[in-house]
Amino acid sequence: MLVQPLRSFLTTPMAGETSWISHYDDRQRENGVFDSFLEVGEEGEKDASAVSLDVILPDDLLERILAYLPVASIFRAGCVSKRWHEIVNSERFLWNLSHVLPQKPWYFMFTSSDEPIGYAFDPVFRKWYNIELPCIGTSNWFIASSIGMVCFMDNDSRSELCICNPITKTYKKLEEPPGLKFSDYSALAISVNRESHIYSVAIVKSKQVPENFFQWDISIHVYNSVNRTWVTTVTEVLMGWRGGDESVICNGMLYFLVYSTGGGQPENRHALIAYNMSNRSSQGSLTKSFIPVPCSLTCGRLMNLKEKLVMVGGIGKPDRPDIIKGIGIWLLNDKTWEEIARMPHKFFQGFGEFDDVFASSGADDLIYIQSYGAPALLIFDTNHKQWKWSQKCPVTKRFPLQLFTGFCFEPRLEIAP
């Protein structure tokens, strides 16, 4: 795997934001070696104990210690001294990173509907960073993430796909997937093995049967990074249901939401399909894998939290199911939904005008929720059952119809597509 210097991942700061560069002194000697904090600072005696400790620690022990730091701190550590810089850029250090606990997931918020620009929120330091995303055209592309990797797919032909690490900027373009090039609806999902870094990408395509609104062609296409090939695993016609843009892979199962086209009862407007990716031969018809949703939903957002399926959904009013009255969070146990949280009314009101649809994604033990109409970002910690707002994003709404959206990803340095 190509190891790039950490310095190359930094971006230029813009007005009103925090960038990687703000975390350390950026001065360098002419020979390219970073100044240590001891040399830059004026209080050398105060830091003498830290320097002596640095001398005493062998490289392998120092590598293990640094590997447990948050990603932003690793960037800063690489600028302490030439020795630390070499350590955090070594392949052995990246190997150590792959054997430590997961990093807290970040949230990237797009600030333009035309360009793929925005800021990433770090929940550990509660700071926003300016990060440039590679190989994505606009913010309305399909996006899926898993353990340090993010997959992008264009929203026009839906044939241009790219896998990248948004922190290191390494990326790889995938071959064009099979099946219908122009589908009415598409859903994208990715799953990365934390140890081997082998990944699978799944696309669920849905297209209306000509002149029949109640029949929809559904096809599932899976890419495997080992074989580097696409396989069409399912082609089926659903009666009264169509696919959408929500899907996720959890523990070898592909889950995706389908939407009623038959004008049924409000509680039956959404359903979940579970597709076994590891044992496709015994799958049978997709209609046999339907799982009802827990209540009438205005929208649903699926996510993988520690290989468990979690859904964040807008709860519709009984008399007006298309009007949102609150937001709930459910965990799927086998085929039964368990409500794990409901957004307190004060936070729901804190968004101001809240549409019936919204953005939400999560990983590990954090769930992010964002209204399309404002840059406010709410975080729910599933371990501590805590709701809290993020620090204010360094962007303001410039015009009434400006939309905001984003995605969650785990910041990793050792993973490359």
Side-chain angles (χ1 to χ4, degrees), residues 18 68-73 100-110 118-129 145-148 194 246 248 250-251 293-295 297-315 324-333 336-395 404-412:
T18 300
Y68 280 90
L69 293 176
V71 167
S73 297
V100 299
L101 295 174
Q103 294 275 347
K104 290 291 184 182
W106 291 9
Y107 187 85
F108 185 92
M109 184 184 297
F110 291 103
Y119 303 90
F121 178 73
D122 176 358
V124 175
F125 291 106
R126 296 185 62 77
K127 291 181 179 292
W128 290 91
Y129 307 118
S145 68
S146 174
I147 309 178
R194 188 173 292 277
E246 276 297 315
V248 70
C250 296
N251 200 24
V293 295
C295 64
L297 299 177
T298 62
C299 72
R301 304 292 179 236
L302 306 178
M303 57 201 73
N304 180 339
L305 269 60
K306 298 179 179 177
E307 298 305 323
K308 295 287 188 179
L309 176 66
V310 171
M311 181 173 68
V312 179
I315 303 172
I324 189 171
K325 71 170 185 177
I327 292 179
I329 302 176
W330 297 269
L331 172 70
L332 185 67
N333 288 317
T336 304
W337 293 101
E338 173 192 349
E339 183 172 319
I340 59 176
R342 188 165 294 202
M343 184 185 294
H345 192 61
K346 65 176 182 179
F347 289 107
F348 185 74
Q349 287 182 316
F351 282 104
E353 185 178 349
F354 207 101
D355 292 330
D356 58 330
V357 293
F358 53 87
S360 182
S361 60
D364 195 37
D365 54 8
L366 294 184
I367 294 174
Y368 294 95
I369 301 175
Q370 178 190 3
S371 166
Y372 288 135
L377 182 63
L378 184 63
I379 308 167
F380 178 67
D381 187 319
T382 59
N383 276 349
H384 300 95
K385 307 297 181 185
Q386 250 181 2
W387 298 87
K388 58 184 176 182
W389 296 103
S390 72
Q391 297 298 105
K392 186 178 180 181
C393 183
V395 66
F404 299 88
T405 187
F407 65 93
C408 172
F409 70 96
E410 182 184 338
R412 307 292 303 185

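Position 1 is the first residue of the sequence, and the numbers go up from there.
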State, yes or no, whether a side-chain contact exists between [X] and [Y] at a heavy-atom distance under 4.5 Å.
X    : Y    : result
T382 : L366 : no
F409 : S361 : no
F380 : I369 : no
K306 : D364 : yes
S360 : Y368 : no
C393 : L377 : no
Q103 : R412 : yes
K104 : P70  : no

Would you give the length of the straight line joining atom [atom1] of [X] to atom [atom2] of [Y], rounded to the nearest 0.5 angstrom?
X    : Y    : atom1 : atom2 : value
I367 : I340 : CD1   : CD1   : 5.5 Å
I324 : F358 : CD1   : CZ    : 5.0 Å
L378 : K388 : CG    : NZ    : 10.5 Å
M343 : I327 : CE    : CD1   : 3.5 Å
K127 : D122 : NZ    : CG    : 9.0 Å

Worksheet item: How about K385: does its NZ atom have over 12 heavy atoms from other parts shown lying under 6.0 Å from it?
Response: yes
Worksheet entry | Greater than 12 external heavy atoms within 6.0 Å of K392's NZ | no
Fill in: Pair E410 + R194, salt bridge at N-O below 4.0 Å
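Judged by the 4.0 Å cut-off on N to carboxylate O distance, E410 and R194 do form a salt bridge.
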Worksheet entry | Any donor-acceptor N/O pair, E307 side chain to N251 backbone, under 3.5 Å | yes
Discussion item. Closer than 3.5 angstrom, by distance alone: can the side chain of E246 be matched with the main-chain N or O of L302 as a donor-acceptor pair?
Written reply: yes
So, for [X] and [Y], which heavy atoms are closest and what is the spacing to 0.1 Å?
X    : Y    : value
W106 : P123 : CD1-CD, 3.6 Å
Q370 : F404 : NE2-CB, 3.1 Å
G313 : W330 : N-CZ3, 3.6 Å
A341 : W387 : CB-CZ2, 4.1 Å
V248 : L309 : CG1-CD1, 3.4 Å
P105 : P411 : CA-CD, 4.2 Å

Item to complete: May I ask you to check whether W128 and F121 place their ring centers less than 6.0 Å from one another?
Response: yes
Discussion item. Between F110 and F108, is the ring centroid distance below 6.0 Å?
Written reply: yes
Worksheet item: What do the steps show when you test V312 against M303 for side-chain contact (heavy atoms from CB on, under 4.5 Å), and what is the final call?
Response: CA-CA 8 Å; V312 179; M303 57 201 73; 3.6 Å; yes
